[in-house]
Amino acid sequence: MLRTLCILGAVAPFASAARYPQPLEASTYAGSTQTFQFPPAGVTATAADPNFPGKSVVGYPGPTPTGDEAFAIETAPAIAELNNISPIVRPDTADHEGYEFDVVHSWGNLSPAISVPAGTFGLPDSSPVVPEGCSINQVHILHRHGARYPTGGSAPAALAGRIHKAATATGGFTVSGPLSFLDTWTFKLGAEILTPLGREQLYSLGVSSRVRYGELLKGFNDLPVWRTTSEERMVDSALQFAAGFFGVQQYQSSYHQLIEIEAQGFNSTLASYDQCENSNNAISDIGYDASDLWAANYTVPTIARLQKYIQGYNLTATDIVAMQQTCAYESVALGYSSFCDIFTEQEWKAYEYFNDLIFWYSNGPGNPAVAAQGIGYVQEFISRLTQTRITNFDTSVNASIVSDETKFPLNQPIYVDASHDTIISAIAVALNLTSLASSGPLPTDHIPKHRQWIVSNIAPFGTNLVAQVLSCPASDKPTHVRWILNDGVVPLTGVQGCPEDVNGLCPFDTYVAGMQARIAEVDYQFDCFANYTAPSPDTILDGRYPSWLRNGTSA
């Protein structure tokens, strides 16, 4: 049975479960892995194939005059919101609340990015549109890669392995009701690279950014230099953004793509966890410890409800979380997942909070090594703002890159950097966007009624954190700075000296001084490399190890 609803300006199918058959014995291939590779083996397409000449050979391009650049962020009365989740089929919930409740935006960092409502971060009267009387001088766009397959060894892959093992064991297992699909379910997900939705997201973000900020291209006297890291999904995301921004036939000759190596032993502020020891040990695990406590709590009634539909396989909290993750990953990769509508609205809210806990305590304000991971990007941002070279290299900043005026120019009107969810979360902490942490710390035994730290608003697939450098009144000299996260303006009152402002504006010189003070107070070497344990209870709100606990620790 299908229901329909008007969503995001278009009529979209609304999936709900069909009538369930009698109990089914799972096939022996249930949970097995399926893969497919295209193009077919041994088949290649090259520009040199004489049967398919390129456009320069064919000719006849038709009219090609260009128009003027768009500048919608300054000239339009409102923004065009990013709300499209196509090609995902929006699922229902087990209690049929999906018409009002949107499952797709309950997946934390696995949700697709959308424009958050005005006021999400505390400024209800603000807008990404440039305030009246101001003009925009410069924009800094920091975005996450698009939707991807799960990482290797992920919970969905492990779930498939357990199901397949049970299916091939003596006696197998039987399923009924909402779990009937498991009798023939197979694992179709790859690992880590972009899905079709992920490619679409970054292309669309590039188009949106060109329409909003294209006028700033007139300030270039050379080609832009934009950055990403070397992982496949990162490079693909950067290229998709550029193709959307410049056009598929023009982008390769319209800018320079700097690719920073993402691996142990190489500094990069866009993948700074590789160089921070305490982001790769027990300190980084405290979010997972917290989420495990919560999962042991919230999955109990879910297990009791679903266990009666599967015989010969004992469900655990690990299975429930993995099934919810599989819903998200299958949806962003395949368009739909049968795992989605077996959970109720409340169970999806609990899963959303599961992800919020991970990020708060492992990648957000509650982790003592997180501000350190983000502070290198802050140094680069201030370097660009002030057109002053970095000379102190004791963080994740790559000295060979930022010291090179070709690779790291300081006079661009548009900067674009591609990074990861955990790094963007860390950068938000390092930037002292304290409104995101205003309702923390997060408890592990219940969901607080009011919380600001919601990962689907902060670091979803395709998230974008944008700094606008403005002049008010309009002039060639910048007078103000503000930050916008997924189209929600973020207050800057956490930055030393920045006043309350309905538009999130902070005077330029005040902002620079405040961030220089923030850089000075973050002790990268201690927070990343000192031998310490996270405080218990963990009441950290600023991503730094508390100074009053340093006695007895060693650097």
Could you tell me whether the side chain of [Y] reaches within less than 4.5 Å of the side chain of [X], counting heavy atoms only?
{"X": "Val466", "Y": "Val139", "value": "yes"}
{"X": "Val429", "Y": "Asp542", "value": "no"}
{"X": "Tyr377", "Y": "Ile423", "value": "no"}
{"X": "Leu194", "Y": "Glu232", "value": "no"}
{"X": "Tyr309", "Y": "Ile342", "value": "no"}
{"X": "Leu431", "Y": "Leu465", "value": "yes"}
{"X": "Ile88", "Y": "Val332", "value": "yes"}

Donor-acceptor under 3.5 Å ([X] side chain, [Y] main chain):
{"X": "Ser272", "Y": "Gly374", "answer": "no"}
{"X": "Ser237", "Y": "Gly146", "answer": "yes"}
{"X": "Ser419", "Y": "Leu270", "answer": "yes"}
{"X": "Asp538", "Y": "Pro535", "answer": "no"}
{"X": "Ser111", "Y": "Val104", "answer": "yes"}
{"X": "Asn464", "Y": "Arg144", "answer": "no"}

Would you name the heavy atoms of [X] and [Y] that are closest together and state the gap between them?
{"X": "Val455", "Y": "Gly108", "result": "CG1-C, 4.0 Å"}
{"X": "Pro124", "Y": "Ala118", "result": "O-CB, 3.8 Å"}
{"X": "Thr228", "Y": "Ala238", "result": "CB-CB, 3.7 Å"}
{"X": "Tyr213", "Y": "Ile73", "result": "CE2-CG2, 3.6 Å"}
{"X": "Val235", "Y": "Thr229", "result": "CG2-O, 3.4 Å"}
{"X": "Pro368", "Y": "Ile286", "result": "CD-CD1, 4.2 Å"}

Salt bridge present between [X] and [Y] (N-O < 4.0 angstrom):
{"X": "Arg212", "Y": "Asp487", "result": "yes"}
{"X": "Glu260", "Y": "Arg227", "result": "yes"}
{"X": "Arg199", "Y": "Asp236", "result": "no"}

* To do: Quick one: sort the Phe241 and His143 rings into parallel, tilted or perpendicular, breaks at 30° and 60°.
  => parallel
* To do: Describe, in one word, how the ring planes of Tyr351 and Trp348 are oriented to each other, choosing from parallel (under 30°), tilted (30 to 60°) and perpendicular (over 60°).
  =>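 Because their plane-to-plane angle is over 60°, the rings of Tyr351 and Trp348 count as perpendicular.
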* Taking the six-membered ring where the residue is Trp, are the ring centres of Trp226 and Phe246 under 6.0 Å apart? ->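 Centroid separation for Trp226 and Phe246: below 6.0 Å.
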* To do: Kindly say whether the aromatic ring centers of Phe121 and Trp483 come within a distance under 6.0 Å.
  =>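 No.
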* Name of the residue among Tyr361, Tyr353, Tyr288 meeting ring pair (Phe, Tyr, Trp, His ring centres under 6.0 Å) with Trp294 -> Tyr353
Taking atom [atom1] as the centre, does [X] end up with more than 12 heavy-atom neighbours from other residues, nucleotides or ligands that are less than 6.0 angstrom away?
{"X": "Gln307", "atom1": "CD", "result": "yes"}
{"X": "Gln37", "atom1": "CD", "result": "no"}
{"X": "Glu25", "atom1": "CD", "result": "no"}

Side chains of [X] and [Y]: do they bring a donor and an acceptor to under 3.5 Å?
{"X": "Thr302", "Y": "Glu347", "result": "yes"}
{"X": "Tyr313", "Y": "Asp319", "result": "yes"}
{"X": "Asn432", "Y": "Thr434", "result": "no"}
{"X": "Asn363", "Y": "Ser425", "result": "no"}
{"X": "Glu262", "Y": "Tyr273", "result": "yes"}
{"X": "Ser337", "Y": "Glu330", "result": "yes"}
{"X": "Thr151", "Y": "Glu192", "result": "no"}

* To do: Please name the residue in the list Gln240, Arg233, Gln201 that meets the side chain to side chain donor-acceptor pair (under 3.5 Å) test with His145.
  => Arg233
